[in-house]
Amino acid sequence: MFCIKCGTKNSAEAVFCVKCGYHFAGEGETKIEKPIIGDEAKIFSIRPTLMFVQTGYAAAIASAFLLVAVLYYFGQFIGISIPWQLSVFGGLALLLIPAFYHVKRNVVRYTLTDAKVEIDEGVISRASRKIPLRAIQDVTVQATIPQRFLGIGDVIIENANEADDRIVLKNIGSPKKHADLLLEQMRLSGK
């Protein structure tokens, strides 16, 4: 069942929402509701995985410490003193690389409602693509060997639009589960 207050999925026997603590109906059966977007029910809303960004931050921090040590010992080796501020600034500058990919990841959102798939991209200029479920012809899950090892993959949506016939939801966690939810919504909508 879905919480009518925050939209979190809970077990059918739940009395309180696991996320917000909302108290479900006490006596009798609990009504199953989904969060509503306008007049559409939202099935899921996801972003690409954060796994690569976290790995990038860890690598940048390790590289920053290594850079500070290398600059210190290099300065000692050639007989000049490299200011510690320069070493620290160089190390901190390495954090800009994963920060860029973190922002790039956070500007993409994939949403499935009971009527369409919506892809929102951008921060300053925003692009929103909406693909009606009735226009979707095929849904494929694709994962490379490293993606399979990490439990992520791409969901490829082929639609009837000739100009943009292939849409890829890149690097999402549990891609098969999300593809199954999409196929189930297509079935329920009569596609």
Worksheet item: Are the side chain of H102 and the backbone N or O of I97 linked by a donor-acceptor pair below 3.5 Å?
Response: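 No; zero donor-acceptor contacts below 3.5 Å.
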
What distance do [X] atom [atom1] and [Y] atom [atom2] have between them, rounded to the nearest 0.5 Å?
X	Y	atom1	atom2	value
Q185	L133	CD	CG	7.0 Å
L169	I157	CG	CD1	4.5 Å
N159	I136	CG	CD1	7.0 Å
L112	E184	CG	CD	11.0 Å
I172	I46	CD1	CD1	3.5 Å
E121	S128	CD	OG	9.5 Å

Any idea which heavy atoms bring [X] and [Y] closest together, and the distance?
X	Y	result
P48	V108	CD-O, 3.9 Å
I43	D114	CG1-N, 4.2 Å
R47	V107	NH1-N, 4.1 Å
A64	G91	CB-O, 3.3 Å
V155	P175	CG2-O, 3.6 Å
A143	G153	CB-CA, 4.2 Å

Practice prompt. Take Y110 and K170 through the test side-chain contact (heavy atoms from CB on, under 4.5 Å) and record every step on the way to the result.
Written response: CA-CA 10 Å; Y110 308 120; K170 296 179 182 176; 4.2 Å; yes

Worksheet entry | Criterion side-chain contact (heavy atoms from CB on, under 4.5 Å) against K116, the qualifying member of R129, K130, R134 |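 Between K116 and the candidates, side-chain contact (heavy atoms from CB on, under 4.5 Å) is satisfied uniquely by K130.
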
Practice prompt. Apply side chain to side chain contact (heavy atoms under 4.5 Å, CB included) to L95 and list each qualifying residue two or more places apart in sequence or on a separate chain.
Written response: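 Here the qualifying residues are Y57, A60, I61, L92.
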
Item to complete: Would you indicate whether the side-chain heavy atoms of V117 and L182 approach each other to under 4.5 Å?
Response: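 SC-SC contact between L182 and V117 confirmed.
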
Fill in: Within 6.0 angstrom of I78 CD1, more than 12 heavy atoms from elsewhere
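More than 12 heavy atoms, drawn from other residues, nucleotides or ligands, come within 6.0 Å of this atom.
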
Discussion item. For R148, I'd like to know if atom CZ has over 12 heavy atoms of other residues, nucleotides or ligands within 6.0 Å.
Written reply: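 Result for CZ/R148: open.
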
Discussion item. Is there a path of hydrophobic side-chain contacts, each under 4.5 Å between heavy atoms of I/L/V/M/F/W/Y residues, joining F77 to I80?
Written reply: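 Both belong to a single hydrophobic cluster.
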
Worksheet entry | Cluster link V88 to F65, ILVMFWY, side chain under 4.5 Å |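 Both belong to a single hydrophobic cluster.
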
Discussion item. Side chains of N171 and Q147 only: does a donor on one sit below 3.5 Å from an acceptor on the other?
Written reply: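 Yes, side-chain donor-acceptor contact under 3.5 Å.
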
Item to complete: Give the other cluster members for L150, using side-chain heavy-atom distances under 4.5 Å between Ile, Leu, Val, Met, Phe, Trp and Tyr residues; answer none if it is isolated.
Response: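 In the cluster with L150 are M51, F52, F149, I152.
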
Fill in: side-chain contact (heavy atoms from CB on, under 4.5 Å) assessment of I119 paired with I167
CA-CA 9 Å; I119 301 161; I167 291 136; 3.0 Å; yes

